[in-house]
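Side chains included, hydrogens not; waters and symmetry mates left out as well; all remaining heavy atoms used. Each ligand, and each atom within it, is numbered from 1 in the order the structure gives. Sequential numbering from 1 along the given sequence is applied to the chain's residues.
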Amino acid sequence: MHRHAKMVGVMPTTALPVVPAEAVTSPDAVTSPQAPARPGRPAMPPQHLADLDLAGRRAWLTELGHKAYRADQISRHYFGRLVRDPAAMTDIPAADRDRLAAAVLPPLLTQVRERTCDGGATRKSLWRLHDGSLIESVLMGYPDRVTVCVSSQAGCGMGCPFCATGQGGLRRNLSTAEIVDQVVRSAEVAASGVLSSGSAGGPGGPRATVPSRLSHVVFMGMGEPLANYARVVAALRRLVAPPPEGLGLSARHLTVSTVGLVPAIRRLAEENLPVTLALSLHAPDDDLRDELVPVNERWKVAEVLQAAWDYAARSGRRVSIEYALIRGVNDQPWRADLLGRLLAGKLAHVNLIPLNPTPGSRWDASTKPVEREFVRRLRAAGVATTVRDTRGREIDGACGQLAASEPTLPSFPLTSEGTVRRGGPVIDTGASVAQTRSLVQDPVGIPGKLVQSGWADSRGLGGKAKR
Ligand code: SAH
Ligand code: SF4
């Protein structure tokens, strides 16, 4: 099995912002807190040190009346030593520690629940955010690596009908720090050694020692990462920057999975961040892809594949084509042949995902013989093909199963201000109309044609807006 196939085994969910605007001095200011909270509305969290690059943190702490080098010290604790408890920051004077940590390390993720399988080698966490939003991440230990699957949004607005996350719509984008903190918290768990207790080879597999250092991150949890572009890219920069600026992961070990927002793929190629791109294709023909991946009505198969090949050429990295095999829907031999013709000779490999049926869905996974025939035809066309393992399935932690429900909580309203919905899928919203407008202006945000095509209402859309 190809490394990637195992790596992405899963998948694949009020405090007011407290930072004065002038404190945001970094170019990453876009990742900072957004609109003020309103009762019942989802709101961005308080600013956290992981929202900013190191220069931004130094400027912020200076404004708060601290020495600039405290930014380096506290960053070294958070990113280098995975320490968040001020009492353990003994290089910072005792009188300053609590105030400093309270200012720049506000708690972002409260663990509501952890479910484990594979004897503890796979662990799904349900996190509550400061505004009550729920997200999930999944940590997977393997004999040769530790991977975390993170969420980039609370919910998702892309409306793919086979995906549990997509059924609830979008609540809000995550901040950069909310994304990064999922990785840091997971790295802490990996460092504790608990992943080694179980069958790291997967269900029923042998016990194996798992590395204690988290090494891989896949953006295959809840949300469409490229619909939260600026914050996701800032998070990627934090993940690759060496400590104290960031976690020091290899860009080659980061995978961003997208439904195929073409302008965003093109923009990502220019970021000089050679992360692996995974493209959720699911159908080789527009007729079917329009149905399975509604954003295909805006960017067709040929266009999205061209963007993927340009990304591969630019990054030097093979693109992973994700294809959830759905019984009787997209698993016909002719579709395998068509897919093979589209991909032959390209810098790509196919990751087939046995569909995880979502509750109430009329769809099911393909049968094993059909799956084998699909693989055979793709390979016969010269296309590297793997079937993804189903890590986390039994704890609803596998691809498309993340729904972040918590029975004791009231369900949240999905029509927050800025949410754009009518008839079709809910397209990226964020917290405010101003933000929504800016996304329309931004080629990476809401696809303009979707807005025109009636998926979005006209509330505030189309006007000029600043980011
Ligand atoms: N929004 C991004 C990343 C999150 S989804 C994307 O769509 O690419 C991660 C992967 O899980 C995607 O490839 C997605 O198509 C797939 N997926 C969603 N629902 C699924 C399901 N029910 N069964 C199998 N895979 C699913
Ligand atoms: Fe969103 Fe990805 Fe699910 Fe589609 S498959 S609804 S893009 S999370």
*asked:* For Ala278, state whether at least one heavy atom is located under 4.0 Å from any atom of ligand 1.
replied: no

*asked:* Taking backbone and side chain together, does Cys160 place any N/O/S atom at a distance below 2.8 Å from atom 3 (Fe) of ligand 2?
replied: no

*Polar side-chain atom of Asn330 near backbone of His282 as donor-acceptor pair, under 3.5 Å*: yes

*Counting from 1, what ligand 2 atoms have a heavy atom of Val259 closer than 4.0 Å?*
7 (S)

*Out of Ser280, Pro161, Ser257, Ala324, who gets a non-hydrogen atom closest to atom 13 (O) of ligand 1?*
Ser280

*Sub-4.0 Å atoms of ligand 1 with respect to non-hydrogen atoms of Phe219*: 3 (C)

_Taking a cutoff of less than 4.0 Å between a non-hydrogen atom of the residue and any ligand atom, is Met222 in contact with ligand 1?_
no

*asked:* For atom 5 (S) of ligand 1, which of the options Met158, Glu224, Gln167, Met220 provides the nearest non-hydrogen atom?
replied: Met220

*Test ring-ring contact (aromatic ring centres under 6.0 Å, His included) applied to His48 and Tyr78, step by step*: CA-CA 11 Å; His48 182 281; Tyr78 179 74; 5.1 Å; yes

*With atoms numbered from 1 as shown, which atoms in ligand 2 lie under 4.0 angstrom from a non-hydrogen atom of Met158?*
1 (Fe), 7 (S)

*Apply side chain to side chain contact (heavy atoms under 4.5 Å, CB included) to Ala348 and list each qualifying residue two or more places apart in sequence or on a separate chain.*
Trp309, Ile321, Lys346

*To the nearest 0.5 Å, tell me how far Leu378 CG sits from Thr385 OG1.*
4.0 Å

*Would you find a donor on one side and an acceptor on the other, under 3.5 Å apart, between the side chain of Gln153 and the backbone of Glu224?*
yes

*CD-CZ distance between Gln111 and Arg185, expressed to the nearest 0.5 angstrom*: 7.0 Å

*Within the stated cut-off of 2.8 Å, is an N/O/S atom of Cys163 closer than that to atom 1 (Fe) of ligand 2?*
no

*Starting at CZ of Arg372, measure out to CZ of Arg377 and round the result to the nearest 0.5 Å.*
14.5 Å

*Pairs meeting criterion ring pair (Phe, Tyr, Trp, His ring centres under 6.0 Å) with involvement of residues 318-341, two or more places apart*: Tyr323-Phe374

*At a 4.0 Å threshold, what atoms of ligand 1 neighbour a non-hydrogen atom of Cys163?*
18 (C), 19 (N)

_Sub-3.5 Å N/O-N/O distance, Phe162 and ligand 1_ = yes

*Using side-chain contact (heavy atoms from CB on, under 4.5 Å) as the criterion, point out the one residue from Leu195, Thr122, Thr147 that pairs with Tyr142.*
Thr147

*Could you tell me if any non-hydrogen atom of Gly223 lies under 4.0 Å from any atom of ligand 1?*
yes

_Only heavy atoms of Gly221, strictly under 4.0 Å: list the atoms of ligand 1 that pass._
4 (C)

*Glu178 CD to Trp127 CH2 distance, which is reported to the nearest 0.5 Å*: 12.0 Å

*Which bit of Asn356 gets closer than 4.0 Å to ligand 1, counting heavy atoms only: side chain, backbone, both or neither?*
both

*Determine whether the side chain, the backbone, both or neither of Thr258 has a heavy atom under 4.0 Å from any heavy atom of ligand 1.*
backbone

*asked:* Can you name the atoms of ligand 2, numbered from 1 with element, that are less than 4.0 Å from a heavy atom of Gly166?
replied: 6 (S)

*asked:* Is there a polar contact between ligand 1 and Thr358, counting only N or O atoms under 3.5 Å apart?
replied: no

*asked:* Testing the basics here: between Val275 and Tyr311, what is the closest heavy-atom pair and its distance to 0.1 Å?
replied: O-OH, 2.7 Å

